[in-house]
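Shown next, in structure tokens, is the structure this report addresses.
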Amino acid sequence: MCGIYGHIKKSSKTNSLNACIDGLKKLEYRGYDSAGVAGIHDGKIVCCKTVGKVVVLERAVKAIKLELSVAIAHTRWATHGKITETNAHPHFDESRSIALVHNGIIENYQKLKTELEENGIEFLSETDTEVISQLISFHYENDISKAIQKTLPLLEGSFAIAFIHKDHPDKIIASSRGCPLAIGICHESHDIFLSSDSNAFTSSKLDVFYLHDDEYAIISHELIEVYNLAGIKLVKQIETLNLENISISKEGFDHFLLKEIHDQPLSISKAIENRLDYANATANFSELTLSDEELQKTNRILILACGSSYHAGCIAKQIFEAYAKIPTEVEIASEFRYKDPIILKNTLILAISQSGETADTLAAVKESKRSNCPVIALCNVKRSSLSRLASSTLWLNAGPEISVCSTKAFTSQLTLLMLLALKIARLKTLSHKEGKKFLFEIERLPAQIADILSKSSEIEKIAKKYAGHKDFFFIGRNYMYPTSLEAALKLKEITYLNATGYPAGEMKHGPIALISKKLVTIALCGNKHTFEKLLSNLMEIKSRGGPIVAFAPKNSSEILSLTNDVIFLSDSISDTFAPITYSICCQLLAYYIAKFLGKDIDQPRNLAKSVTVE
Ligand code: M6R
């Protein structure tokens, strides 16, 4: 995983070390276990590495008081080796001629390491990355191109790398395979930037290009040359980027997570803006390149995603089937990629990813593209790798989601999926009247969400009451079942408590054995269609002494006798849209429990916002 960054000064007054720190701060969503930066000073590699977040590195770099005009940097999400300063990047070769940063995984690193050790080379770290710096050095005979041409074919796995060599103090050498790496030249200063993500460039207007698999670039402030493995010089396609200078702020909230939860009336408004077509009782997407005829032909939908995006897909499955009457499959991307998938003709593939950088989702989409079926991506982050792979990308327009825990992106994904279901349903059999009803309901969502947010203090009280418990079940039926999966993920992710989402009717087939005074059941009662059935399931839990907290529609007073605590929500929320409003209740519940427990809410342990390794 991880984020890599580099800077070469041309005419600005910027110290490359500071440029790298600023870049790393924008890449911290890719991991924050440790960070490091390196450059060359007086003919020697200088390096600073720290355990923890980028601010810790920033303090250490300030203390060194060094000016550099070329530097590379890294923020790490540990894969191989413990979270220590030694395992932090950059990594060196034995003679400390090279410093190298890496995003990805070298799958055959152990074999390569053993071979190098047999040649008498000593390793310092436990990482897979160190084999790359050691190998380049091993093959280096005063020709950097040759060394890289000999090294890259030996590597199995994925990588984006950048390195400096003390014999070439004005250069950064970079390469990639299966991991994004963008190189940008600032219009104003002509400084050169290199990053895992072009959105992390700290300049506003740049000419940018991306390295493709097994290409390498030799970059100095005078010249950027890109080659393929055969050593043939390539001409790259350049695009000009005008990066919006979006200021990232908590806007007075204690955490980004709480701010993002409260952003939802606006982010949902943005998701539906200019997409509701009342005249035709349907939804329109200006970005969609697939024609109505192509969509109409769809007789199967395949959804690929991970984590919360997968849960959005599970809810969407039920909506596509109910409204568009199209059999829909949802696949966890990391599982799908190693299956021998059967993708029939006229399948529409939907790839859902907030970041558009999730390695498993990207790999699953690459695999699915062999079917030649169209792929529609749903992404929040512009210019992401997924949007470059898909036939069309529908943008969430939710604004930056900073907290690792997905909230507003998840509900925007749901909103877009609902609109897409409506569009396809209208092309199939859904009536104009039903289509219009759907539009009216979706337009009411921002107000309904504002109503949920006004219940924050009630939810906070419940959170305080139950924060001492260690185990939680979230249960629901119909649309509320996949909603319960997402609710449980929120709680585990930011509180580190044990939480499971389960279909309420399935409890009696095993999990009810776990019910005791200590295990809290959170009942999501937002599905009117199965409400009575859910009540019976709650009765079974109550009879066995399990405490129950419910989120339920206002007119469902029978729930009072079954539960220890209830939060009543508007009863005008229909079953189809309840996954959005009920999810927001669970986001608030998870947030307040995490706050009472004093957890690192925006950057929970062991996680990263964007999971760029498989
Ligand atoms: O960027 P993506 O939507 O592809 O990310 C997928 C998951 O990694 C992500 O949803 C993860 O589960 C979140 N941390 C959940 O809050």
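Comment: Lys250 does not engage Asp254 in a salt bridge, judged by the lack of any side-chain N to carboxylate O separation of less than 4.0 angstrom. The existence of a salt bridge linking Glu401 and Lys408 is excluded, since no basic side-chain nitrogen approaches an acidic carboxylate oxygen closer than 4.0 Å. Salt-bridge formation is detected for the pair Asp214/Arg177: a Lys NZ or Arg NE/NH1/NH2 atom is positioned less than 4.0 Å from an Asp or Glu carboxylate oxygen. Ion pairing between a basic and an acidic side chain is recognised when a charged N comes within 4.0 Å of a carboxylate O; Asp600 and Arg605 show no such pairing. Here Lys339 pairs with Glu331 in a salt bridge; the nearest charged N to carboxylate O distance falls below 4.0 Å.
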side-chain hydrogen bond (donor to acceptor under 3.5 Å, both in side chains) evaluation trace for Tyr29 with Glu357:
CA-CA 11 Å; Tyr29 72 88; Glu357 298 297 345; 5.8 Å; no

Can you list the steps and then say if Ser176 with Tyr210 is a side-chain hydrogen bond (donor to acceptor under 3.5 Å, both in side chains)?
CA-CA 9 Å; Ser176 80; Tyr210 298 86; over 6 Å; no

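Side-chain contact check for His80 and Tyr109: no donor-acceptor pair (N or O, by modelled atom type) lies under 3.5 Å. Side-chain contact of Ser133 with Asp93: a donor-acceptor pair under 3.5 Å is absent, judged by distance alone. In this model, no donor atom of one side chain and acceptor atom of the other lie less than 3.5 Å apart for Thr407 and Gln264. Between the side chains of Thr612 and Asn103, a donor-acceptor pair is found at a separation under 3.5 Å.
One distance of note links CD of Gln413 with CG of Leu350; it measures 11.5 Å at 0.5 Å rounding.
Between His74 and His89, the two ring planes are parallel [angle under 30°; tilted spans 30° to 60°]. Tyr227 and Tyr216 have parallel rings, their planes meeting at less than 30° on a 0 to 90° scale where 60° marks the start of perpendicular.
For Ser220 against Ile192, the heavy-atom pair with the smallest separation is O-CD1, 3.2 Å. The minimum heavy-atom distance between Ser125 and Thr86, with the atom names listed, is CB-O, 3.7 Å.
Glu28 pairs by the salt bridge (Lys or Arg N to Asp or Glu O under 4.0 Å) definition with nothing, not counting sequence neighbours. Residues passing the side chain to side chain contact (heavy atoms under 4.5 Å, CB included) test with Glu67 are Lys9, Asn15, sequence neighbours excluded. Not counting sequence neighbours, Glu260 has no partner by the salt bridge (Lys or Arg N to Asp or Glu O under 4.0 Å) test.
Paired with Phe193 under the rule ring pair (Phe, Tyr, Trp, His ring centres under 6.0 Å), one option of His7, His187, His221 passes, and it is His7.
Looking at heavy atoms from C-beta onward, Val404 lies in side-chain contact with Glu493 at the 4.5 angstrom threshold. Leu389 places none of its side-chain heavy atoms less than 4.5 Å from the side chain of Val375. Side-chain contact between Arg96 and Cys47 is present, with heavy atoms from C-beta onward closer than 4.5 Å. Counting only heavy atoms from C-beta outward, the side chains of Pro482 and His311 never approach each other to under 4.5 Å.
Figure legend: Lys113 and Phe123 shown as a cation-pi pair, the cationic atom lying under 6.0 angstrom from the six-membered ring centre and within 45 degrees of its axis.
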